[in-house]
Amino acid sequence: MLGSNQFSTDIGIDLGTANVLVYVKGKGIVINEPSVVALNRDTQQIIAVGNDARAMIGRTPENIEVIRPLRGGVIADFDAAEKLLRYVINQVSVKSWFFKPRVMICIPTDITGVESRAVKQAARQAGAGQVYLIEEPVAAALGAGLNIVESSGNMVVDIGGGTTDIAVLSYGGIVCSASIRIGGDKLDEAIINYVRKNYNLLIGERTAEELKIRVGSAFPQALRAEETMSAGGRDLLEGLPKAILLSSREIHEAIAEHVNVIVANIKEVLEKTPPELTADIMDRGIILTGGGALLNGIDLLVARETGLSAWVADDPISCVVMGTGKSLLHLKDLQKTETFSAYAAYKAHEAGEE
C-alpha cells in the first residue's frame with residue numbers, strides 16, 4: 001500500500017465549513033468538532049480549537065479572534081486552516097520525523113485547481129505526508145453504504161455547513177453534478193436577517209443555529225403542531241437585551257428561499273441525468289447526507305418537488321468521513337493524479353483485499 005509501514009498513520013478528514021471530522025484507519029471516527037479556531041491577535045498563537053473555540057464566539061476581548069477558516073466549503077483563511085489541520089493531525093498521529101501521516105481530505109465537486117492546491121498545501125504544512133482528495137458526494141455515497149461502482153445510478157445530496165453537493169453516480173464516477181454555496185451556515189444567516197428585519201433584534205450565530213435545529217422545518221406540513229422557542233439578543237432600537245418567541249412557521253419563512261434553491265438544483269441535476277440512470281433513481285430514490293439532511297421535513301420536501309422517494313442516511317453527519325475511511329483501506333488504488341479512484345477502491349473493498 002504505497003509504502004505502508006507500521007509507524008505511519010492513515011487519516012481521513014472531512015474538513016467542513018461547520019465541523020471537522022477525522023477518521024483514523026483501524027480506530028474509526030476520533031474527532032468531531034466545530035471548524036473554529038481562537039487566536040491571540042498579538043502572538044498569533046492558538047488559544048482554543050473546536051468546541052472550546054466555538055464556545056468563545058461573541059464572548060472574547062479584542063485581542064482574541066475567533067475564526068472559521070472555511071467558508072463555502074473552501075479555505076477562506078489559509079493560516080487558520082493550517083493551524084486547524086495541524087491540531088487535528090497532531091491529535092491523532094504519532095509524531096515522527098520520518099513517517100508522516102497520509103491524509104485523505106474531502107472536497108466539493110466544483111472546487112477549483114487553486115482551491116484544491118490550497119487544501120493540499122495547508123495539509124502538508126500542517127504535517128501530512130502524502131495528501132489525497134476525494135469528492136464529497138463520492139465519499140458520502142461510500143459512507144452511506146451505496147454500491148456506486150455498478151452500472152445502476154445513485155443520486156446523493158450532501159447538505160453541509162457551507163455547500164450542498166448533488167451528484168448522480170454510476171460506475172464509480174460522477175455522471176452529472178452541481179455544487180452550490182448554500183448550506184447550514186446560510187440558513188443560520190437567513191434566520192439572523194429575518195429576526196433583525198422583523199423584530200429589530202440582533203441574535204448570535206449559535207442562537208440562530210439552535211432555532212434551526214429545534215424549531216426549523218423545510219416542510220411545515222410535517223409538523224404535528226406549531227413549535228416555538230425563545231431567542232435572546234440585543235434590541236437594535238434601544239440597545240438593551242431582549243427576548244422574543246419565534247415559531248416554526250417563522251423559521252420556515254426565514255430559510256425557505258435557500259431551501260428552495262437546493263431543491264431547484266436537485267431538479268436541474270435530474271434534468272441532466274441520462275434517462276437510463278433516471279429510471280434507476282426512480283427505483284432507488286434520492287439519499288440525503290450531511291448535517292442539513294437533519295433539517296425537519298427536508299426529505300419530504302425533496303420527495304414532493306421531484307416526485308421521487310427521498311430518504312435520510314443513517315447518521316448523515318458521519319457519511320462523508322466514513323467514506324474517507326473506506327477509501328483509506330485501499331490507498332494503493334489511488335490514481336497518479338492523487339484523486340481517489342472510487343471504482344478501484346470499492347472493488348478492492350468488496351473483494352476483501354487488505
Side-chain angles (χ1 to χ4, degrees), residues 2-5 7-57 60 63-108 111 114-134 136 139 160-162 318 320-321 324-325 327-328 331 334 338 340:
L2 288 173
S4 177
N5 61 73
F7 301 106
S8 64
T9 304
D10 292 336
I11 304 170
I13 301 177
D14 177 8
L15 188 62
T17 303
N19 293 283
V20 56
L21 288 83
V22 179
Y23 180 103
V24 175
K25 184 180 173 183
K27 297 181 180 179
I29 300 174
V30 295
I31 292 178
N32 182 358
E33 296 198 35
S35 302
V36 185
V37 177
L39 297 176
N40 185 311
R41 290 178 183 269
D42 301 326
T43 64
Q44 289 300 301
Q45 296 298 309
I46 290 181
I47 296 174
V49 174
N51 287 315
D52 292 337
R54 184 177 183 275
M56 299 170 71
I57 294 176
T60 61
N63 68 316
I64 297 178
E65 182 179 15
V66 181
I67 304 170
R68 291 184 179 272
L70 291 99
R71 290 289 179 186
V74 296
I75 293 176
D77 187 316
F78 185 88
D79 291 337
E82 185 268 330
K83 288 180 171 65
L84 176 62
L85 283 168
R86 185 178 298 278
Y87 168 81
V88 299
I89 289 173
N90 287 341
Q91 288 289 306
V92 301
S93 65
V94 178
K95 294 182 179 180
S96 170
W97 290 101
F98 305 102
F99 303 112
K100 293 184 177 182
R102 291 169 298 184
V103 177
M104 178 83 71
I105 301 179
C106 301
I107 56 172
I111 193 170
V114 172
E115 290 167 341
S116 63
R117 286 192 293 273
V119 173
K120 289 183 179 180
Q121 183 180 349
R124 289 180 178 131
Q125 290 187 194
Q130 293 169 298
V131 181
Y132 307 97
L133 305 179
I134 178 172
E136 287 176 359
S318 300
V320 170
V321 76
T324 68
S327 66
L328 284 168
L331 282 175
L334 292 170
E338 293 189 342
F340 180 63

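All values below come from the heavy atoms of this structure, side chains included, with hydrogens, waters and symmetry mates left out. Counting begins at 1 with the first residue of the sequence.
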Determine all donor-acceptor pairs shorter than 3.5 Å in which one atom belongs to a side chain in residues 41-52; sequence neighbours excluded.
from	atom 1	to	atom 2	distance (Å)
R41	NE	E62	O	2.8
T43	OG1	Q45	N	3.3
Q44	NE2	R41	O	3.2

(message) Among residues at least two apart in sequence or on other chains, which ones pass side chain to side chain donor-acceptor pair (under 3.5 Å) with Q91?
(response) none
(request) Just jot down the side chain to side chain donor-acceptor pair (under 3.5 Å) partners of S116, sequence neighbours excluded, or say none. (result) none
(request) Measure the spacing between NZ of K100 and CD1 of I11 and express it to the nearest 0.5 Å. (result) 12.5 Å
(request) Could you pull out the closest heavy-atom pair between G16 and S35, with the gap in Å? (result) O-OG, 2.7 Å
(request) Decide yes or no for Y23 and M104: does some side-chain heavy atom of the first lie under 4.5 Å from some side-chain heavy atom of the second? (result) no
(message) Can you give me the closest heavy-atom contact between P69 and V37, atom names plus distance?
(response) CG-CG2, 4.1 Å
(message) Is there a side-chain contact between V320 and L21 in this structure, where contact means two heavy atoms from C-beta onward sitting under 4.5 Å apart?
(response) no
(request) Quick one: closest heavy-atom pair of G12 and V321, and the distance? (result) O-CG2, 3.9 Å
(message) Contact between T324 and D14 at the side-chain level, heavy atoms closer than 4.5 Å - yes or no?
(response) no
Donor-acceptor pairs under 3.5 angstrom involving side-chain atoms of residues 79-87: please list them, not counting sequence neighbours.
from	atom 1	to	atom 2	distance (Å)
E82	OE2	R86	NE	2.8
E82	OE2	R86	NH2	2.6
R86	NH2	Q125	O	2.1

(message) I'd like to check I57 versus R68 (side-chain heavy atoms, cut-off strictly below 4.5 Å). Are they in contact?
(response) yes
(request) Can you see which heavy atom on A123 is nearest to which on I105, and at what distance? (result) CB-CD1, 3.8 Å
(message) Tell me which one of V119, I13, D10 satisfies side chain to side chain contact (heavy atoms under 4.5 Å, CB included) with V103.
(response) I13
(request) Taking the side chain as every heavy atom from C-beta outward, state whether N40 and N63 have any pair of such atoms under 4.5 Å apart. (result) yes
(request) Kindly give the heavy-atom pair with the smallest separation between I89 and P101, and that separation in Å. (result) CG2-CG, 3.8 Å
(request) Could I get the full list of side chain to side chain donor-acceptor pair (under 3.5 Å) partners for E65, not counting sequence neighbours? (result) none
(request) List the atom of G161, the atom of A18, and the distance in Å for their closest heavy-atom pair. (result) CA-CB, 4.0 Å
